[in-house]
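As structure tokens, the structure follows; a few thoughts come after it.
Along the sequence shown, residues are numbered consecutively beginning with 1.
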Amino acid sequence: MTSRPRPLAVLSLSFAAAALAQPCEPDWESDFGGLPYISSGYATAAMFDDGSGPALYVGSGSQNFGPGIQPGGVGRLRDGRLEPLPGLEFNLDGIRAMLVHDDGSGPALYVGGDITRVNGQSHSGAARWRAGGWEPVGGVIGGIYALAEFDEDGDGPAPPRLFAGTFAGISPPRGLARWDGAQWTSVGSGLDVGGAVYALLTGDDGSGHGHALYAAGPFRNIGGQPFNSIARWNGKAWSSLGDGLFPPPGFGAATVRTLAWHDDGFGRALYAGGSIRTLLDGGPANGLARWDGAAWKRLGLGEGTDVSAAASAVVNGAEELVVVGSVRVSDGAPSVLAARWTGDSFAPLPEQPPNTWDTITAPRYYSAAVIDGRLLILGAFDTLGADVLARSLAEWNGEALVPFVPHRGAAHISAIGAVASDPQTGDLYIGGDYRAIGGRWRPNVARLDASGQWHNLGAGLNAHVSALTVHDTPHGPRVLAGGAFTASGEVHLAQSIAAFDGQAWSRFADLNSGQAFALASIGGDLYAGGAFTAVDGVAAPRIARWDGNAWRSLASGLSGGAAQVHAIIPWNGGVAVGGSFTNAGGLTVRSVAFWDGSAWSAFGDGFNGTVRALASFQGQLYAAGDFTFSGASPVRFVARWDGDAWRPLPGFLSAPARALRVFNDGSGEALYVAGSFGLIDFTPFGSIARWDGASWSQVRQGVNGRIDALTVHPLSGGRPALIATGLFTQASGVGAYGVAPWRGCLAACPGDANGDGAVDMADLMLVVDAFNTAPGEPAFNPNADFDLSGAVDFRDLNLVIAAFNQDC
């Protein structure tokens, strides 16, 4: 039986649900987050909840987490971004160990490394993070390589204690120290002078010694007794694991860096990795050895292997052992970063970082950890496989290494200032000076489709892209680019405007000098502006028009000083042009001029600096740039043309503006102004502000860097977004690497509930059927909730009525 629409008379009872609905709030989205590249990589990680929610904490050997990121050394991963936890200072070795422990004063995240200061005060050894701040732990004990929790009296009354493996030293506690909640103390007989502990692990090896703490590192003796790089502490005394791991002739000790338990199907055993060079069970042991509780066994790795870390976890139902460092799976094999134990041999991990090392010093930059059952690889790498971005942190999923935090933003950014939208497909093209975007290497130019997926544009372009547009040529629509690039793969593109046909880049127009900084498709013609003086042999100083057959000059063009064009927009039946020039067709102008199709004219006194952007808003022309005056009148970085003169906008921008765009985020149409200003009249704006024609308002907290361009794009979900691109890493505290969408609250076509491109009776009936409903109710239709308030109410009905019988 077909359901009938409810009469509109019934709808008068609907206000209760509508009143309870929460309206949509415009906000920055975290779709374009990721992690910054750390030259020394991450060395250690742990899960911890300091009261703000569980998060992954990472430690690094770097004092800085990348451009726009505060100094740290320890960071917290949340919402697709890295949040630094400043307060620690350290030397080159940085943060080497992390562990969650409760010493009786409450749970805290303990970190160790080459720490020199905590909260500005001199301190060496360990620190702990809790309740949003750092605290020093105990007195000076030197640097720390490893941390472990161990209960020395088993079922006795004493609680588990925190143990630290320390750097080599000449005074106790040397090599291994115990924290009892009040002070650090020595553990048994200390290591001999020069000894250090690099790895700590607890467990039972089945040898009859029970649960014990295993310590390993470059030491030979403890209390004068030989232990050869590894020893077992049961809470009362040290004991050896066979004869330990003999060093090669001439070495003081084997350097064991890592310990892990693993069951390869033949029983649980202890695996020790590092710079191990010895003979075991009749053959050479390189980099890794297995202790079964009675004897050491070799595992067949090739000569020259140096294992920095080993970790074991159940992955896809099978227990996996992975080692990282400088790994040779057999003699003569090339060095790889990561390999897995198959049960009888090692195999390189698929899609691993391409970094390879042949020295014994570099492996210390790589580590492995098991976090919430997930097997992670940490280190100084940038990619997985050929082109997948994975900043210093990856996960082994049983088939390949994959990024732990998918990187949707840009990487290696200097600028992202070229944007173009294709009105036919909804695709957005983004160019600039970057090496990767959307999680893969895509040099300097990429396409973002309407569903939010990134795509390569052929082989990309090999240098900065300054201008982009989509233009209908006689050969079909083409993406056109201008900039400093000289090639795309093997295709030579120097001194040109380049065209992308969907497969590859080619030369579209030859420029005799300089580059194109602005491209605009207006009224079927293509306008190009920049620093050139001729296009395809036609004299056209700084600006030219292509009519589909040939390039045309605009009178004698623009000149004066180091003339350049940066902005071209349609205006009053002609085009308004902005840049840095003083002459237009023989007429004196200053950085802005108007071309009516046959002659140039000035916009008053122009400006004393470069115009970077132009926009039409509420029938008036706006300009943004580096200028501070128009004639004798102060106009700081943004101004409005009233038909007679340039007028300043109220407020004092702290730095230049670079981009303008009109957008309605649901609170009314406004002009968005962006650039590098942090303040307007000493109020923080974060490089972007909303101008409604009368006053400024904030766009939440803005971004933490420079915005180069603004454009509007539908993205997914039917709600257009204002896309900001530039040199930043966060938008209002949300991870956003070079690309940040300010998502509005209006549907792409309010009233078109069925998405057929028109607002008609079918849409009205869908709204009527869903009227007075909210999510979770059977009749609710999210496509009828045009204002995204969480309910279908009279506001949605009014939108249909207002747009009735109109096409989208």
Please evaluate residues Arg590 and Asp605 with respect to the criterion salt bridge (Lys or Arg N to Asp or Glu O under 4.0 Å), reporting the C-alpha separation (whole Å), side-chain torsions for both, the decisive distance (0.1 Å), and the verdict. CA-CA 7 Å; Arg590 296 189 183 280; Asp605 292 327; over 6 Å; no

Would Thr729 and Asn704 count as a side chain to side chain donor-acceptor pair (under 3.5 Å) here? Give the steps. CA-CA 7 Å; Thr729 59; Asn704 67 337; 2.8 Å; yes

CA sep, side-chain torsions, deciding dist, call: Trp441, His412, ring pair (Phe, Tyr, Trp, His ring centres under 6.0 Å): CA-CA 10 Å; Trp441 291 105; His412 300 279; 5.6 Å; yes

Candidate pair Ser52 and Arg78, rule side chain to side chain donor-acceptor pair (under 3.5 Å), full reasoning: CA-CA 11 Å; Ser52 63; Arg78 180 175 293 163; 3.2 Å; yes

Trp129 vs Tyr110, test: side chain to side chain donor-acceptor pair (under 3.5 Å). Steps then yes/no. CA-CA 7 Å; Trp129 173 267; Tyr110 287 74; over 6 Å; no

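Residues forming a ring pair (Phe, Tyr, Trp, His ring centres under 6.0 Å) with His455 (at least two apart in sequence, or on another chain): none.
Heavy atoms from other residues, nucleotides or ligands lying under 6.0 Å from CZ of Arg391 number more than 12.
Between the side chains of Asp427 and His713, not a single donor N or O lies within less than 3.5 Å of an accepting N or O. At a cut-off of 3.5 Å, with distance as the only test, a side-chain donor of Thr628 or Asn608 sits close to an acceptor on the other residue.
Relative ring orientation between His566 and Phe517 is described as parallel, the plane-to-plane angle staying below 30° on a 0-90° scale split at 30° and 60°.
Residues Val74 and Val58 have side chains not in contact (no heavy-atom distance under 4.5 Å, counting atoms from C-beta outward). Side-chain atoms of Arg128 and Arg130, non-hydrogen and from C-beta on, do get closer than 4.5 Å to each other.
Within the structure, side chain to side chain donor-acceptor pair (under 3.5 Å) contacts touching residues 659-670 (residues at least two apart or in different chains) are Asp665-Ser667, Asp665-Tyr672, Asp665-Trp742, Ser667-Arg690.
Taking the centre of each ring, Trp646 and Phe607 come in below the 6.0 Å mark.
Taking all atoms of both residues into account, the shortest heavy-atom contact from Ile437 to Ala446 is CG2-CB, 3.5 Å. The nearest pair of heavy atoms linking Phe32 to Pro741 is CE1-CG, 3.1 Å. Minimum interatomic distance between Ala55 and Arg76 (heavy atoms only, all atoms of both residues): CB-CG, 3.5 Å.
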